[in-house]
Structure formats: structure tokens, C-alpha cells
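Working notes, structure below.
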Amino acid sequence: MEDGCGSKSSPLLESSSTGSSSALKTLGNIIVSIVGTGVLGLPFAFKIAGWFAGLLGVVIAGIATYYCMLLLVQCRDKFAPKELTNQETKTYGDLGYESLGKTGRYLTESLIFLSQCGGSVAYLVFIGQNLSSIFKGQGLGFSSFIFLLVPIEIALSWISSLSALAPFSIFADVCNLLAMGIVIKEDVENILRGEFKLNDRKAFTSNIGGLPFAGGMAVFCFEGFGMTLALESSMKERGRFPSLLGKAFSGITFVYVLFGFSGYMAYGDETREIITLNLPHNWSTTAVQAGLCLGLLFTFPIMLHPIHEIAEGKLRSREWFKKHFSSGGGNLTPMGKCGIYACRSILIVALAVLASFIPGFAMFASLVGSTVCALISFVLPAVFHLRLLGSSLHRWQRALDYFILICGLLFAAYGSYTSTVGI
């Protein structure tokens with residue numbers, strides 16, 4: 001399931017991290033790691049930007065993300081060549097350290113932490129909006145549903161084995177596909193009834209911020225950088241990864257464009273931030289919305305896993321923590337485990353409080369995509385590539401890296417401004 005941006009856990013990857021994964025299984029991992037709930041906000045992005053501007057934003061984001069993922073693999077291969085299959089795989093944080101020292105590692109891990117927090121908040125907002133739609137008129141608001149979930153999420157965060165939750169990730173992806181199928185079905189029915197004309201839909205918005213907004217939403221939908229190196233190293237034939245990734249991105253981009261376009265065409269100016277909220281209130285829509293919420297409820301701990309790893313890694317490295325809460329050999333005392341559980345609980349409560357103040361899913365997702373996701377997706381890979389391989393690159397490669405770097409910074413600045421104004 002989609003993380004928002006920094007990394008997400010692929011339920012299929014756990015058994016294939018030793019370099020024995022087939023091309024077909026790796027393709028499945030790529031799709032599961034990238035496609036998530038963000039796609040349900042694309043029709044709204046097309047409404048804000050205009051259908052052609054939205055299409056352009058998705059295609060550009062897809063091409064740029066694909067290229068920058070390959071830059072990461074090239075950077076990692078400088079330190080872990082493909083021939084050395086038993087060498088430990090470099091992480092995104094390791095590349096930050098190799099490129100910029102301790103500052104690079106801190107910057108990279110901080111951005112991943114923020115992106116995962118942003119994705120987690122987006123999850124809660126998505127669940128809250130859908131539940132408030134399902135139980136409309138029951139006297140509970142959007143924020144109430146978010147806080148009702150907090151005790152469940154805290155309990156789930158204490159589960160040590162993420163593999164126990166993996167089936168729910170696949171279940172949520174199936175619900176995503178069902179939701180997309182129902183939306184497209186409604187679109188086709190509207191077309192057959194002749195309820196809209198292409199001329200009635202804007203190709204370009206009069207608001208200049210429309211394209212950056214759609215771009216931010218697209219970046220949020222495409223983000224899967226935290227899994228790039230793990231996916232590549234999991235393949236038995238790692239040399240096939242670039243072409244396989246290209247095929248996956250081509251197919252995903254086509255689906256994103258088709259879904260965003262058809263959703264906007266079906267509902268026009270009435271398109272909601274989450275397209276499922278536009279669907280008629282019948283049993284099939286309710287079932288899909290409930291399924292999405294249930295799947296996300298149980299995959300939320302998977303989304304939080306990278307956050308816990310970073311935060312708890314820093315905590316465990318502190319001398320005072322080792323002295324009072326560690327029993328030696330890295331094992332925690334009962335008090336130490338309680339401290340870890342308390343930290344996880346506090347984090348979930350903080351994220352829920354933040355989510356309760358977010359006015360809408362799509363605007364927030366675009367903000368996350370325009371800021372931390374843009375920095376992780378474009379700026380850092382270009383910087384790492386220039387720092388680690390700059391002397392061996394052709395002039396056109398260095399020029400392209402600088403172009404991506406500058407455009408990524410400008411996009412992050414302007415996209416975050418337009419999304420903040422929208423919120």
C-alpha cells in the first residue's frame with residue numbers, strides 16, 4: 001500500500017529479499033508498492049488543473065520518478081556492485097551518508113520520517129472522510145471517527161510481526177481496484193446517457209497553480225522510493241530491473257491518466273476530493289468504502305513501521321536508554337518495552353490530532369507530494385548522483401541532473417505554496 005512517499009512495506013517482498021524473486025513477482029511488488037489510495041484523489045486533481053494539464057502533470061511526474069529511481073540504483077551500485085550479491089544492500093540513508101556525510105544521512109532520514117508522517121495523516125483523513133460519508137447523519141463528525149480509531153491503531157502498533165498484517169495490505173489494494181472499477185463503470189454509464197460533453201470540461205484551469213497541484217498529487221501517487229533498492233536487489237536477474245520498472249511505470253501511468261480523466265469527465269465541477277464520495281449511496285459503494293477503510297485500518301501499522309524504525313533507532317542509541325532500559329545484547333527490559341510502546345502510542349495520538357485539523361484529503365496529499373515527496377523523489381537522487389558519479393558522467397547527464405535538481409526545488413517551493421493556499 002502507498003505510503004505517501006518515503007517508503008512503504010510490500011507484503012510480497014518479505015519472502016523475496018534474498019535476490020531470488022522472479023520478474024513477475026518483482027512486477028507485483030512494484031505495483032503493490034506504488035499504487036495506493038492516492039489514486040482516488042486524481043480526478044479531483046484533474047478538476048483543479050484541467051483535464052489536459054492534469055494528464056501532463058501525471059505523465060511528467062511518472063517519467064521523472066522512474067528516471068530518478070534508476071539514479072538511486074546507479075548510486076547504490078557504485079558501493080554494492082551487482083556481482084557482489086552477498087554485500088549488504090545500501091539504504092537511502094546510506095546513500096545520503098556516502099554523498100553528504102552525517103548531514104546527508106540526517107537530512108535523508110528526516111525527510112523520510114516527515115513523508116511517512118504525512119502519508120499516515122493522509123491515511124487517517126481518507127478513513128475519516130469515508131466513514132463520515134458512510135455513517136452520515138449519525139451525529140459523528142470527521143474528527144470523531146479519526147479519534148475512535150486511535151485505540152485500535154495503538155493496539156495494532158504493538159504487534160511485532162508485520163507479516164501478520166500483510167494480507168490486509170493486499171485486501172486494501174483489491175478494494176482500491178474495486179473502487180476504480182465502480183468509478184469507471186459510473187463514467188461509462190454517464191457517457192452512454194450523454195450527460196456530459198468534452199467541451200464542458202476545462203482542459204486548462206485559469207488558476208496557474210492548477211498544474212503544480214496536479215503534479216503534487218501525482219508525485220504523491222507515484223512515490224515508492226523507500227522500496228526502490230530493496231525491489232531491485234530482490235530480483236534474481238537484477239539487470240532486468242530497469243526495463244521491468246519502465247513497463248510497470250508505463251502501465252501505472254496509463255491507468256492513472258485514464259482514471260483521473262474519466263473521473264473528472266463523469267462528475268465535472270462536482271468532483272469530490274475522494275472520488276468514492278461522488279458515487280451513489282448504494283450497497284456496492286458502501287461495501288467498497290468500508291473495505292477501503294478496513295484495509296487501511298490494518299495497514300496503518302505498516303505505514304508507521306519506517307517511522308518507528310527511525311525514531312526507535314535513535315532512542316536505542318542513547319546512552320541513558322541503554323543504561324536504564326536495555327538488559328544487554330540489544331534486548332529490552334520490561335520497562336524498556338513499555339517505553340517503546342508509549343512512544344508509539346504518543347506518535348499515533350499526535351498524528352490523529354494533526355489529521356483532525358486537515359480540511360481535505362486531496363489538498364493535503366498534494367502538499368505532501370509537493371514538499372517532502374518532491375525532495376525525496378527528485379532533489380536528493382539528483383544530488384546523490386552528482387556527488388557520487390559526477391566525475392564519470394557525460395556532460396548531458398550532469399546537465400540533466402542539474403535540471404532535475406533545480407526544477408525539483410522550484411516545484412517544491414511553488415507547489416507547497418499553492419497547496420497551502422488551497423488548504
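Note that the numbering runs from 1 along the sequence shown for the chain.
To the nearest 0.5 Å, atom CG of residue Leu149 and atom CD1 of residue Ile127 are 6.0 Å apart. Rounding to the nearest 0.5 angstrom, the gap separating the CD atom in Gln289 from the OG atom in Ser132 is 9.0 Å. For the atom pair SG of Cys75 and CZ of Arg387, the computed distance is 12.0 Å after rounding to the nearest 0.5 Å. Going from atom SG of Cys343 over to atom CG of Leu347 covers 9.0 Å, rounded to the nearest 0.5 Å. With values rounded to the nearest 0.5 angstrom, Tyr341 atom OH is found 15.0 Å from Ile346 atom CD1. The distance from the CZ atom of Phe46 to the CZ atom of Phe261 is 8.5 Å, given to the nearest 0.5 Å.
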Criterion side chain to side chain contact (heavy atoms under 4.5 Å, CB included) on Leu400 and Tyr67, from CA distance to verdict: CA-CA 11 Å; Leu400 183 56; Tyr67 178 77; 3.3 Å; yes
Between Asp94 and Arg105, is a salt bridge (charged side-chain N to carboxylate O under 4.0 Å, His left out) present by the stated rule, with each step listed? CA-CA 7 Å; Asp94 291 333; Arg105 183 185 294 278; 3.1 Å; yes
Could you go step by step and tell me if Val255 and Val39 meet the side chain to side chain contact (heavy atoms under 4.5 Å, CB included) rule? CA-CA 9 Å; Val255 171; Val39 66; 5.7 Å; no
Stepwise, does the ring pair (Phe, Tyr, Trp, His ring centres under 6.0 Å) test hold for Phe222 with Tyr66? CA-CA 9 Å; Phe222 276 114; Tyr66 165 71; over 10 Å; no
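Proximity of a side-chain donor or acceptor of Tyr256 to a complementary backbone N or O of Cys221 within less than 3.5 Å is detected. Judged purely by atom type and a 3.5 angstrom limit, Tyr402 has no side-chain atom pairing as donor or acceptor with the backbone of Leu386. Checked by atom type and distance alone, the side chain of Ser366 never pairs as donor or acceptor with a backbone atom of Ala362 at under 3.5 Å. No donor-acceptor pair closer than 3.5 Å links the side chain of Tyr97 to the backbone N or O of Tyr92. Under a 3.5 Å cut-off, the side chain of Ser377 and the backbone N or O of Ala374 do not form any donor-acceptor pair. Remark: the backbone N or O of Leu367 is not paired with any side-chain donor or acceptor of Ser370 at under 3.5 angstrom. A donor-acceptor contact shorter than 3.5 Å is absent between the side chain of Ser99 and the backbone of Gly96. Looking only at distances, a side-chain donor or acceptor of Ser157 sits under 3.5 Å from a matching main-chain atom of Ile154. For the pair Ser133 (side chain) and Gln129 (backbone), a donor-acceptor distance under 3.5 Å is absent.
At least one side-chain heavy atom of Phe378 sits less than 4.5 Å from a side-chain heavy atom of Val219. Between Val73 and Leu245 there is no side-chain heavy-atom pair separated by less than 4.5 Å. A 4.5 Å side-chain heavy-atom check between Phe142 and Val125 finds at least one atom pair inside the cut-off. Side-chain contact between Phe300 and Ser120: present, with at least one pair of heavy atoms (C-beta onward) separated by less than 4.5 Å. Side-chain contact between Phe384 and Leu380: present, with at least one pair of heavy atoms (C-beta onward) separated by less than 4.5 Å. Leu351 has its side chain within reach of Leu304: a pair of non-hydrogen atoms, C-beta onward, lies under 4.5 Å apart.
For Phe361 and Phe44, the gap between ring centers reaches or exceeds 6.0 Å. Ring centers of Tyr264 and Trp51: at least 6.0 Å apart, outside the cut-off.
Judged by distance alone, the side chains of Thr271 and Asn278 never bring a donor and an acceptor atom under 3.5 Å apart.
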